[in-house]
Amino acid sequence: MHPIHPDFVPDPSLSQAEMEELQRDIAEVARFEDDLGFSPQGIARPGDAPGVDQTTLSTSDDDPTDPPLVAGVDQAFVDDKAVSAVVVLQNGEVVERVSAVKRTEIPYIPGLLSFREGGAILAAFAELETDPDVVLVDGSGRIHFREAGLATHIGVTLDVPAVGVAKSLLCGTPERSLDETYPEGTRIPIAADDSVETCPDGTVIGHALQTRQYDSPNRYINPLIVSPGHRVSASTAADIVEATADGYKLPEPTRLADSYADEAKATVE
DNA sequence: GCGACAG
DNA sequence: ATCTTGTCGC
């Protein structure tokens, strides 16, 4: 798939002020409400029996009743090269995977991640033949100083529903401390605060989601930070991550993209 | 000036 | 993100 908004493609040569301005434009186009062509409950796991015998039905390539295609995207780095990998799953099974390599042109700057990694990500999506129904992006979406994190930037640019999946909190205030140990399934709303300069304080911009936790003892797992990227609400974003998690902290599409990016590193010189 | 900050 | 040994727990 290719950018539907060429003017939003991240340009690393912009000044920091120009990058921030572009993010504000993107945030205005972003929709943090559900606009999906499927229900999160329709996301099957590996081993789940199809609800209908697909083999006896004449299905078109994009039948809306087909189980959704869920993509995960992640990056690995080798010197000044970024390797982006996209893995697409349906019914919990891999149906396509692609990767692309691009030189990184700027360092990591909190708040401007998409200008470092976005180019490689879009290059990988350009190689993709299938059309995912939703994309899980490694990083923040609406949980961002200007509500335009990596997941939002990618989602809006490609006009595809997108969810941000991060391992730590960039900004915003959790309704409860994230330093405690919570059981699996726990969702803690993240509210906008003064650091989120584009929306009213108190707006729920995402959740901390405990996708996995140890049963008892003295060791614990930190929650995932999930936020809407584009065309999904905060609660549906969490639903989607929960539906694609399968015994690990990270949802399957993200895990597989992560390891595929690592694999693809060996291909780079 | 100080503190905080996805990957 | 990346560099890396040991160590904890089921």
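The structure displayed is predicted, hence computed values, not measured ones. Residue numbering restarts at 1 for every chain, and letters A, B, ... go by the order of the sequence lines.
Side-chain atoms of A/Lys249 come within 3.5 Å of backbone atoms of A/Asn222 as a donor-acceptor pair (strictly under, hydrogens ignored). Using a distance-only test at 3.5 Å, with no hydrogens or angles considered, no donor-acceptor pair links the side chain of A/Glu252 to the main chain of A/Gly92. Not a single donor-acceptor pair under 3.5 Å links the side chain of A/Thr254 to the backbone N or O of A/Gly72. A/Thr157 places no side-chain N or O within donor-acceptor distance of the main-chain N or O of A/Ile154, the cut-off being under 3.5 Å. Under a 3.5 Å cut-off, the side chain of A/His153 and the backbone N or O of A/Phe8 do form a donor-acceptor pair.
Among the protein residues, A/Ala76 comes within range of the sugar-phosphate backbone only, with heavy atoms under 4.0 Å from sugar or phosphate atoms but none that close to a base.
When rounded to the nearest whole Å, the span between CD of A/Gln213 and P of C/dG9 equals 14 Å. Summarising the geometry, the separation between CG on A/Asp258 and C1' on B/dG7 is reported as 11 Å, rounded to the nearest angstrom. Distance, A/Asp74 CG to C/dA1 P: 7 Å, rounded to whole Å. One interatomic measurement links the two molecules: OH of A/Tyr248 to P of C/dC10, which rounds to 17 Å at whole-angstrom precision. If you take CZ of A/Arg116 and P of B/dG7, they are 13 Å apart, rounded to a whole angstrom. One can place CG of A/Leu250 at 13 Å from C1' of B/dG7, the figure rounded to the nearest angstrom. Atom-to-atom, NZ of A/Lys81 to P of B/dG7 comes out at 24 Å; the value is rounded to the nearest Å. Protein atom CD of A/Glu105 is 22 Å distant from nucleotide atom P of B/dG7, rounded to whole Å.
Taking the charged nitrogens against the carboxylate oxygens, A/Asp133 and A/Arg231 have no contact shorter than 4.0 Å, which rules out a salt bridge. With respect to A/Asp74 and A/Arg255, no salt bridge is recorded, no charged nitrogen being found less than 4.0 Å from a carboxylate O.
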Item to check | Pairing pattern in dot-bracket form [Watson-Crick, G-U; both distances under 3.5 Å; | = partner strand] for DNA chain B | outcome: .......
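Looking at heavy atoms from C-beta onward, A/Phe38 lies in side-chain contact with A/Val134 at the 4.5 angstrom threshold.
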Every protein N/O lying under 3.5 Å from an N/O of nucleotides 4-6 of chain B:
residue : atom : partner  : partner atom : Å
B/dA6   : OP2  : A/Tyr108 : OH           : 2.7
B/dA6   : N7   : A/Gly111 : N            : 3.1
B/dA6   : N6   : A/Gly111 : N            : 3.4
B/dA6   : N6   : A/Gly111 : O            : 3.1
B/dA6   : N6   : A/Leu112 : N            : 3.2
B/dA6   : N6   : A/Leu113 : N            : 3.1
B/dA6   : N1   : A/Leu150 : N            : 3.1
B/dA6   : N3   : A/Ser140 : N            : 3.0

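Of the side-chain N and O atoms in A/Lys265, one or more sit less than 4.0 angstrom from OP1 or OP2 of C/dT2.
No more than 12 heavy atoms of other residues, nucleotides or ligands sit less than 6.0 Å from atom CZ of A/Arg103.
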